[in-house]
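To keep things clear, I will list the structure first and then write my remarks on it.
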Amino acid sequence: MTTPAHHPADTPGRGIVPNTADVDYRILQTVASYEQAQELVDRLSDGGFPVEKSRIVGTGLRSVEQITGRLTTGKAAGRGALGGLWFGLMIGILFLILAPGDLFLILLLALGFGAVWGAIFGALGHAATRGRRDFSSIQVMEAASYDVLVEATHITLAAQVADGQPMPGSDDGADQAR
């Protein structure tokens, strides 16, 4: 997950992510996929470039929702029961820590109550939509392209390192020539 850039005076951890308005960034390269952008920044890192002077910016963003299947009240209850099992396990472990007792009985009861209540809430939640959302899906953000930006004061150096040239003053040039 990324951290939104705020004005440095507004952020307790100010200075970690510079605001684009405060720093002059230039496009080093535009690529079609995020993996290509990562590969370029990794190449800069491997070449010794100070990668904290760069950023990856997705452009042409769109929301894509992949439908994964039909959602019935039974499926919603089943998914709720699975979520309830995890919650029940957490509560069971908490009970075991605070009030030691029969391990098997406490875990069994906690898992059972969690699954039952999870199923009830899952079914009620689905029923509350009244058929307006009878499908499950996964939603992601995609970009049409990605710009690898570098601070303007470092753009020439970044371009050299991206082209495979060694960082000035590094011993990597001698190692790469072998």
Side-chain angles (χ1 to χ4, degrees), residues 1-71 75-76 78-94 97 114 118 122 125 133 135-178:
M1 178 154 186
T2 58
T3 306
H6 298 287
H7 191 273
D10 299 339
T11 309
R14 58 182 171 260
I16 295 173
V17 179
N19 190 332
T20 304
D22 296 339
V23 179
D24 183 16
Y25 283 95
R26 302 289 167 90
I27 297 175
L28 175 64
Q29 190 173 346
T30 299
V31 294
S33 72
Y34 183 73
E35 290 76 21
Q36 290 172 316
Q38 281 183 315
E39 182 182 310
L40 176 57
V41 174
D42 188 50
R43 198 164 58 238
L44 291 173
S45 178
D46 291 346
F49 181 79
V51 290
E52 62 275 4
K53 304 293 183 187
S54 61
R55 56 176 44 180
I56 299 172
V57 178
T59 57
L61 294 178
R62 65 179 183 217
S63 172
V64 178
E65 186 171 8
Q66 176 63 49
I67 310 305
T68 57
R70 180 168 165 69
L71 185 62
K75 285 183 182 178
R79 290 180 180 178
L82 287 175
L85 280 173
W86 283 110
F87 184 72
L89 178 63
M90 194 171 54
I91 296 299
I93 291 171
L94 184 64
I97 291 170
R133 186 159 171 102
F135 61 91
S136 58
S137 65
I138 298 171
Q139 190 171 10
V140 296
M141 296 296 287
E142 290 181 354
S145 64
Y146 295 86
D147 293 332
V148 177
L149 304 178
V150 176
E151 291 182 12
T153 56
H154 292 78
I155 192 73
T156 304
L157 180 60
Q160 291 171 350
V161 173
D163 286 338
Q165 297 177 24
M167 284 281 292
S170 72
D171 294 332
D172 290 344
D175 293 338
Q176 290 177 355
R178 290 182 206 166

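As the structure is a prediction and not an experimental result, all values here were calculated from the model.
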Partner residues of L157 under the side chain to side chain contact (heavy atoms under 4.5 Å, CB included) criterion, sequence neighbours left out
F49, Q160, V161, M167, P168
Pairing residues for S45 by the side chain to side chain contact (heavy atoms under 4.5 Å, CB included) criterion, not counting sequence neighbours
V51
Side chains of I56 and D147, heavy atoms from C-beta outward: is any pair under 4.5 Å?
no
Taking only residues two or more places apart in sequence or in another chain, which ones pass side-chain hydrogen bond (donor to acceptor under 3.5 Å, both in side chains) with R26?
D24
Contacts of E142 that satisfy side-chain hydrogen bond (donor to acceptor under 3.5 Å, both in side chains) - sequence neighbours left out
R62
How many angstroms lie between atom CG of L28 and atom OG of S54, to the nearest 0.5 angstrom?
8.5 Å
Between K53 (side chain) and H154 (backbone), is there a donor-acceptor pair under 3.5 Å?
no
To the nearest 0.5 Å, tell me how far W86 CH2 sits from I91 CD1.
14.5 Å
Can you sort out the partners of Y34 under ring-ring contact (aromatic ring centres under 6.0 Å, His included), two or more places apart, ordered by chain and number?
Y146
Closest non-hydrogen atom pair between G58 and A143, with its separation
CA-CB, 3.8 Å
Carefully, step by step, assess V41 and V148 under the rule side chain to side chain contact (heavy atoms under 4.5 Å, CB included).
CA-CA 8 Å; V41 174; V148 177; 4.0 Å; yes
For residues R43 and Q29, report the shortest heavy-atom separation together with the two atoms involved.
NH2-OE1, 4.4 Å
When you measure from the side chain of R55 to the backbone of L149, do you find a donor-acceptor pair of N or O atoms at a distance under 3.5 Å?
no
Apply side chain to side chain contact (heavy atoms under 4.5 Å, CB included) to L85 and list each qualifying residue two or more places apart in sequence or on a separate chain.
L82, L111, A115
Could I get the full list of side chain to side chain contact (heavy atoms under 4.5 Å, CB included) partners for Q36, not counting sequence neighbours?
V31, A32, S33
Report the residues that fulfil side-chain hydrogen bond (donor to acceptor under 3.5 Å, both in side chains) with E65, sequence neighbours left out, ordered by chain and then residue number.
R133, S137
Check the pair S136 / T68 against side-chain hydrogen bond (donor to acceptor under 3.5 Å, both in side chains), numbers first and verdict last.
CA-CA 6 Å; S136 58; T68 57; 2.7 Å; yes
Verdict with reasoning, E35 to E39, per side chain to side chain contact (heavy atoms under 4.5 Å, CB included)
CA-CA 6 Å; E35 290 76 21; E39 182 182 310; over 6 Å; no
